[in-house]
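Residue numbers start from 1 in every chain, and the chains themselves are labelled A, B, ... in the order their sequence lines are given, proteins ahead of strands.
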Number of protein chains: 2
Amino acid sequence: MIPMNLMSEFGKGRADYAVTGNFSEIAYKEAKRYGSINVAANSGDKNHSYIPTQDQLKLDPEADYFFFCSNNTIYGTEWNYIPETGNVPLCCDMSSNILSKPVDVSKYGIIFAGAQKNMAPAGLTVVIIDKSLAGREMSCTPLMMNYKTMIDKDSMYNTPPCWDIYVLGLVLDWLEKQGGVAGMEGLKREKAALLYDYLDNSSLFKAHAEPEFRSDMNITFRTGDDEKDAAFCKQAAEKGMTNLKGHRKVGGMRASVYNAQPIEGVKKLVEFMKEFEVNHSV
Amino acid sequence: MIPMNLMSEFGKGRADYAVTGNFSEIAYKEAKRYGSINVAANSGDKNHSYIPTQDQLKLDPEADYFFFCSNNTIYGTEWNYIPETGNVPLCCDMSSNILSKPVDVSKYGIIFAGAQKNMAPAGLTVVIIDKSLAGREMSCTPLMMNYKTMIDKDSMYNTPPCWDIYVLGLVLDWLEKQGGVAGMEGLKREKAALLYDYLDNSSLFKAHAEPEFRSDMNITFRTGDDEKDAAFCKQAAEKGMTNLKGHRKVGGMRASVYNAQPIEGVKKLVEFMKEFEVNHSV
C-alpha cells in the first residue's frame, strides 16, 4: 500500500528501501513495479546477519519515503537505531516487534504492523500515520487501499474485523497491567539475554546474527551440523517445544519469544540446550 | 479488485454494471476510475424497489465482465434470475445471500462474498473464481489484490485470517447438518413468507420491495408515518428485537433474517407487528 499512497504517479515516484531480510525484500520487489527504487542498503552479502549502520545507508534526498522493516523474523536481526533521513518520511514495517518496546512515533511517517505477532489473531493490520502524508495516492490506487479513505471514515469504510479488534483491546488491557511497552521491553530483554548469554558461552551452538544487531524477538542459532540441528528440533518437540526449526533460508533453529511467550518457556529451552550440548559435544 | 483483475489496462477496459442498491453503486463508482463503465440498468428511478428484468438490461457484448450484487441489504431486493450475458463473464457480489440457496457456480466468472452475513465473523472474503479469468490484471494491480497470486499460493500468500476460516469451517459443518444450502433455502423461504404474508395483509405496514424481487434475507417495510416507525422500533427493542430501524436511504424498518436467525425470532416479530397494528390502526 505504501508505494500506491506515497508515490503520486504510477511509475514516476522514487523511494529508498533497506533490504535486511525476507519481508523488506518482498516489499522492495513489489515497490519496483510502482516507481524508481534505490536500494539504500542490502545486508544480503552476509546472509542478512547484520543491520546496516547509519553511515552505510545510501540515501536519496529526493525520495518520496524511506522503507525498512524493524525486525527480521527469519534472520533474527533488529534495527537498534532509527534511521536519520532528513525530510524523507520513514515508513516502517513493525509487524514483528511492535509493542515490545517504547517507540517515538513522531519520528515516523507511517508505521504498520500485522497483528499476528504481538497484538491479536491474524486478520488485522494496525497503521499509525502522519495524516499530512495522506492524499498523495496514485490515480490507480483503490479506495480500499487509500490511507485517506481510512482516515476520513475512522477506519470503518468497510466492515472491520470486529473480533480481531476486540481481542486486540483485551491484549492491550493485559499489556498495560504488565507495565505497558516499557514492561514488555524489560521482559523481552530478560528473555533474550537468557538465550544469547548461553549461546555466547556454548561450544556447540552459535548465534546467527551479529551481536549488536540481534533481535530480541527471534533468536536464530545453529550447531553447524545439519544432523545435530535436526536431532535438536526433534527432541525439543518431544518435550513440547515446537516450531524451533529455522526458516529454510537461514537453516538451523529459531526461537521466537514474542510478548506471549513466558520467561518460563525460555528457561526450559535453555535447560534443554545445555542438556543437549552435554550429550552432543565432541 | 474486479476492475484491477479483469480490465487488462488502466483506463482502457470496459464493463457492464447493474446498479440496484448501495453496494453495486459504490462498486460502479469505483470501477469508473479504472475503465469505461456502461450502466446496464439502474433501479434508482424507483428507489431501488425492484430488480431489472433480463430484457431491461442494456448489455455491451464487448464488456470485460458484467457486475451485479445478488441481494440488496438496504432496499430488500434480490435477483430472482441469473443474467444471460453471452460470453461476458458474470461477476457477482453475493455477500448477503451466499449459502442461503443452491447456486450454479458454473454460470459465474467470479463470485465473492464478505463472510460477515451468512458465513463467519467480519474479516474474511470468500472468492469463487473461474481460474481462466486470472492473469488479466493491470500493470498497477498489487500482488496482494491479484487473484492469480492467491490461486498460485493456495490463498496463503499472506498470513490468512485463521480464526475466521476456522469459524467458517464450524458454520459449514453446522450448515451441512441442517440439510446444506437446500435446507437453508427451505428455511429462509419459510421465514420470509411469514413476514411477507403478514405484510401483504396488513393495513398498517407496507413492504418496500416489489413482490417478484423481494429479498428473503432483508425484509424492508414501513408504516408510512415516521413517528409510528420510530415507536415501532423503540418498542421492539424493549422486547429484545433490536436493529430493526431501516437504513436512512430507505427509511422505515428492516428485518434481516440471515441463516443465523431462527424461525422463532421471526414468529416473535410477526406477533409483535400484529399487536402493534391493533394498537395503532386508525
Side chain from CB out, backbone as N, CA, C, O: work out which of these in A:Met1 comes under 4.5 Å of a heavy atom of chain B, or both, or neither.
neither
Check this for me: B:Lys245, atom NZ, are more than 12 non-hydrogen atoms of other residues, nucleotides or ligands nearer than 6.0 Å?
no
Using a 4.5 Å cut-off on heavy atoms from C-beta on, say whether the side chain of A:Met145 contacts that of B:Met144.
no
Quick one: does any side-chain atom of B:Arg33 pair with a main-chain N or O of A:Ser139 as donor and acceptor, under 3.5 Å?
yes
Proximal component of A:Pro3, with respect to chain B [non-hydrogen, under 4.5 Å]
neither
For A:Ala122 against B:Pro160, the heavy-atom pair lying closest together:
CB-O, 3.2 Å
Please classify the contact between A:Ile26 and chain B as side chain, backbone, both or neither, with a heavy-atom cut-off of under 4.5 Å.
side chain
Between A:Met4 and B:Pro142, is any pair of side-chain heavy atoms under 4.5 Å apart?
yes
Heavy-atom pairs under 4.5 Å with chain A - which of B:Asn158, B:Leu124, B:Thr159 has more of them than the others?
B:Thr159
Would you say NZ of B:Lys249 has more than 12 non-hydrogen atoms from neighbouring residues, nucleotides or ligands within 6.0 angstrom?
yes
Within 6.0 Å of CG in A:Asn243, more than 12 heavy atoms from elsewhere
no
For the pair B:Glu30 (side chain) and A:Leu143 (backbone), establish whether a donor and an acceptor sit closer than 3.5 Å, ignoring hydrogens and angles.
yes
Can you establish whether the number of heavy atoms outside B:Tyr157 located under 6.0 Å from its atom OH is more than 12?
yes
Can you establish whether the number of heavy atoms outside B:Lys153 located under 6.0 Å from its atom NZ is more than 12?
no
On a heavy-atom basis, which atom in B:Gly123 and which in A:Pro161 lie closest, and how many Å separate them?
CA-CB, 3.9 Å
